Amino acid sequence: MSQQKQWQTVCETADLVANSGIAVWTPAGPVAVFYCPDETPSLYAIGHFDPIGNANVLARGIVGDIKGEPVVASPLYKQHYSLLSGQCLEDASVKVPTYAVQLDGDQVQVAVHAGQREECAA
Amino acid sequence: MSKKNLIVIGNGMVGHHFLEQFADTPGAANYHITVFGEEPLLAYDRVHLSEYFGEATHADLALGTADWYRDNHIDLRLNEQVTAIDRQHQRVTTPQGQYPYDELVLATGSYPFVPPIEGNDQPHCLVYRTLADLDAIRASADGVKTGVVVGGGLLGLEAANALKSLGLEAHVVEFAPRLMPVQLDSDGGAVLKQKIVDLGVQVHTEKATQSIVPGGQARLRMNFNDDSHLETDLIVFSAGIRPQDALARSAELVIGERGGIVVNNQCTTSDPHIHAIGECALWEQRIYGLVAPGYTMARTLAACLNGDAEAAFTGADMSTKLKLLGVDVGSIGDAHGQTPGARNIRFNDEAAGHYRRMVISADGKTLLGAILVGDNGPYDTLLQYALNGIKLPDHPETLILPESEGGAPALGPDALPDTAAICSCHNVTKGDICSAIDAGCSDLAGIKSGTKASTGCGGCAALLKNVVDNELEKRGVEVSKDLCEHFPYSRQELFHLVKVNGIRTFDTLIEQHGKGRGCDICKPTVGSILATCWNEHILATDHVPLQDTNDTFMANMQKNGTYSIVPRIPGGEITPDKLIVLGQVAKDYGLYTKITGGQRVDLFGATLSELPEIWERLIAAGFETGHAYGKSLRTVKSCVGSTWCRYGVQDSVGMAIRLEDRYKGLRSPHKIKFAVSGCTRECAEAQSKDIGVIATENGWNLYVCGNGGMRPRHADLFATDLNDDELIRTIDRVLMFYVRTGDRLQRTSVWLENLEGGLAYLKEVILNDSLGLGEELEAHIGDIVGTYQCEWKTVVEDPEKRKRFREFVNDERKDPVQHWVEERGQRRPAATETVEEMA
Ligand code: SRM
Ligand SMILES: Cc1cc2nc3c(=O)[nH]c(=O)nc-3n(C[C@H](O)[C@H](O)[C@H](O)COP(=O)(O)OP(=O)(O)OC[C@H]3O[C@@H](n4cnc5c(N)ncnc54)[C@H](O)[C@@H]3O)c2cc1C
Ligand code: SF4
Ligand code: FES
């Protein structure tokens, strides 16, 4: 399986919702992209799949911070996932994937490994 | 079989507590119980005696009621002093007669010690122990200038505060070189003295009074051993207490050398049928001058009289935490470091007036005692270390250093063992609290009434709250008053800030009054407050990120990430045409369809992108959002009422629809449910709702603050026979008052239970407008009604807002993880196991 990093354009800045998340489809499966215009970094991308609730919902959680760590709260059972590391704060054994994300003009790009999709439960 | 006689002498704090404990036990059935009280009033809370100089009356301080005594068949004889005990014939004598006993309990307490000073028996020489004493002090203080308290101990300082509150220039005269010699060391005493002097009470230490004679400028003159003197209008002696053992002495029970009725571990005296508890009892050469040990004795004795062979009093902790004249003072365990090898750590900030001392065991592992003056912040933590022998941290000094100096945070309630005593007055352990919670108690008020924790001296209140909050949190219930780490305010306080400062966005609020980025607790709460205050669309750009997914997408998320759709069906009334539309839409989108417990229809299983399409069709057919997702009005359930029902006396459906239309969309601390029944048969179950309305011949009876759900609560009757407009005006006020003062996720039932003054207070505020808020509350709801919009209609009509309802913004595909199975002719999400099989 190839591990080459590929920048994938997933949407435009107009699709982003300030201080909230959207879900995009990528070759690696569903990814949640969060946009916090007043923070640095202002973009985060993590897996959209909530391994505890077993559903594709993380982009629809509330964004915030717990002791300074940027997090999203799963809308299903409210566990917090770090936007930086994907770590679930309530359960050390649970982690969601994180992806590099960048802006190219008004294009939002996520770095996914080609072939990563097969690893994803979805 | 005829009953035996149990007599209790003394109706004070401990005597009363004994009866409360005993009356509940099986053993009580064997006795006819009589209690004698020398005071004319039913047992009252002496610990809070000083509040009598404030607002409190005897009724406020009373520990029980005459009804309680009657209901428990206890013969309560107040104002009747027992003058003799005849042990041989087992009977007691009072001026009114003679009474036989089989078991006798002495709970005679103690009396104030008045030092043998020449002239101490003149008028205006007083003591501080009973309500009658306080009446005498008040009378004596009337119209004069100065008062002196003899004795600088705990009670003396409290008395000095009382004199001050009566408007007197107050002095404290103490024989020892420092204040509170029993509890404090000299440094602590010095800090306390300074603080008290700063408060305007004059403190004279190392002064022995030699005589009291008539004064020149004031009524009395005190002459001291150092030839100085002090003029004063009244003197309160508070130089210690002595056990009230006179009766026992004359009955020739064994008495301690320095007084006190000698008892064993079962609280029994030298006569096996006579027992003594509370401040009159001497156990292992000790008198306990605090209420908690007395209560423990009372419990022990109640158990012994029930034949419990294990029950034993084994001593009690004398740690104390007080606020004296507003100054925190705490003393724990071996405060003076008398244990051999004990070491000390002291922290003394003279500028701030904080003194802290820890006494540590020779091996440095455990805390033996502590002294705190100026700030009791570390008290609870230190007490738990001392009581439970918890191993001290590597740098124990951090426990008393201020946090800015690297001080350790308080010992988390998690670190306490289940056996840790949380409330020593009522002997409630952490384990007891956990069991109460596990048995269904879900808030502080419930725990207090269930376990009695924190209903004694009140000193454990903060710790109790801590433990309860922590335990509830562990069980997934939210409690703390501070909304979250981002806002140091309760919901009510935030509401006030928003309203008063006209704040309209979360960003402004967190910038001015909070910190960080916010979280899934504060954002929805603030979203709800902003909605109540300004009633802007919840998906206005600034508000979008605040909403819980249910509010963001205006639908309830289901376990597989799909959503449900609940259109409003006011009063449960629906036309066949509308029913057909619901059926058709459900069919077209394959939605699971169910009649809810709230008299409407729920359509389950819509994907995000289907929501606006579905709502478009429903709105076209005349439906509007049912707010099943919001912390807002859910349904107004109704019965069929006078239009059809042969018993109905009013049009319950009509009223239900009117109410549902009026309050729909109102954002509130939690969801609100109503019901209207057309007669007293109550088919709409109105008494289980937040607002319940029941028709009468003359109008409507209004019930408030009922609850179904996890902890059902019967609603309280609030007002009767209201006409339509009165009914609505009253509900307006109740709802708006709740919306303003309720805590986050607090249903009206819990709100009322936590409202100080309870139902009576609520009636005052709403029906008699005691806060003068009535018009404002009505105007506020008027605004909200005037600016109502169906949120779904606004979204459906706005292409920008509709964009939000895309499962993937760059791809039309449906969510790949949804797996369905069919059951009873409809589809539902597959169970996890089935999904695995399918995969
Ligand atoms: C659909 C329904 C069950 C049904 O099939 O009948 C239902 C479904 C839910 N209820 Fe309920 N409750 C429903 C009637 C009730 C009732 C009965 C009633 O209203 O007469 C009660 C008890 C009455 C009461 O609230 O006092 C009820 C007490 C609760 C509670 C406990 C509230 C409490 O104070 O103890 C919760 C949990 C909560 O709100 O925190 C809850 C929460 C929920 C949630 C929101 C749980 C969740 O977060 O997913 C369910 C979502 C439904 C959805 O997706 O649409 N539901 N729920 C009923 C919808 C009524 C409606 O038309 O709006
Ligand atoms: C101002 C003040 C503040 C206090 N603050 C605190 C505090 O903060 N924390 C704390 O733990 N404790 C405090 N105490 C002490 C606490 O009030 C006592 O420990 C407690 O009241 C003891 O209860 P008891 O039943 O043993 O005695 P009491 O409450 O004194 O009751 C004894 C009763 O027996 C009656 N009696 C006596 N002899 C007879 C007789 N022969 N016949 C009939 N009746 C008789 C007396 O009239 C009295 O009513 C305070 C006390 C005072 C006065
Ligand atoms: S009772 Fe529980 S499972 Fe049933 S609808 Fe209500 S919340 Fe859901
Ligand atoms: S008509 Fe419904 S309760 Fe009587």
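Chain A is the first sequence line, chain B the second, and so forth, proteins listed ahead of strands; every chain is numbered from 1. Here the structure is a predicted model, which means the values were calculated and not measured.
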#### Entry: Side-chain touch B:Asp548/A:Lys78, heavy atoms, less than 4.5 angstrom
yes

### Value rounded to 0.5 Å, distance of CG in B:Asp507 from CG in A:Asn19
6.0 Å

### Message
With a sphere of 6.0 Å drawn around CD of B:Glu812, does it hold more than 12 non-hydrogen atoms of other residues, nucleotides or ligands?
### Response
no

### Task
In plain terms, say whether A:Asp38 and B:Arg517 are close enough for a salt bridge, that is, a side-chain N and a carboxylate O under 4.0 Å apart.
no

### Query
Atom OH in A:Tyr77, atom NZ in B:Lys559: separation rounded to 0.5 Å?
6.5 Å

#### Entry: Contact class of A:Val10 relative to chain B, heavy atoms under 4.5 angstrom
both

### Query
Does any heavy atom of chain A fall under 4.5 Å from the side chain of B:Leu546, the backbone, both, or neither of them?
backbone

### Task
Could you walk me through whether B:Arg806 and A:Asp15 pass the side chain to side chain contact (heavy atoms under 4.5 Å, CB included) test, one step at a time?
CA-CA 10 Å; B:Arg806 294 176 290 177; A:Asp15 293 313; 3.0 Å; yes

### Query
Can you find a heavy atom in the side chain of A:Pro30 that is under 4.5 Å from one in the side chain of B:Glu807?
no

#### Entry: Nearest-0.5 Å distance that lies between atom CG in A:Leu76 and atom CG in B:Asn560
8.5 Å

## Note on the structure
In terms of heavy-atom contacts, B:Pro545 and A:Ala18 come closest through CG-O, 3.4 Å

### Message
At under 4.5 Å between heavy atoms, what parts of residues 58-68 of chain A are in contact with chain B? List them by residue number.
### Response
A:Arg60, A:Ile62, A:Val63, A:Gly64, A:Asp65, A:Ile66, A:Lys67, A:Gly68

### Over 12 non-hydrogen atoms of neighbours within 6.0 angstrom of CD in B:Glu511
no

### Query
Going by heavy atoms in the side chains, are A:Val24 and B:Phe808 under 4.5 Å from each other?
no

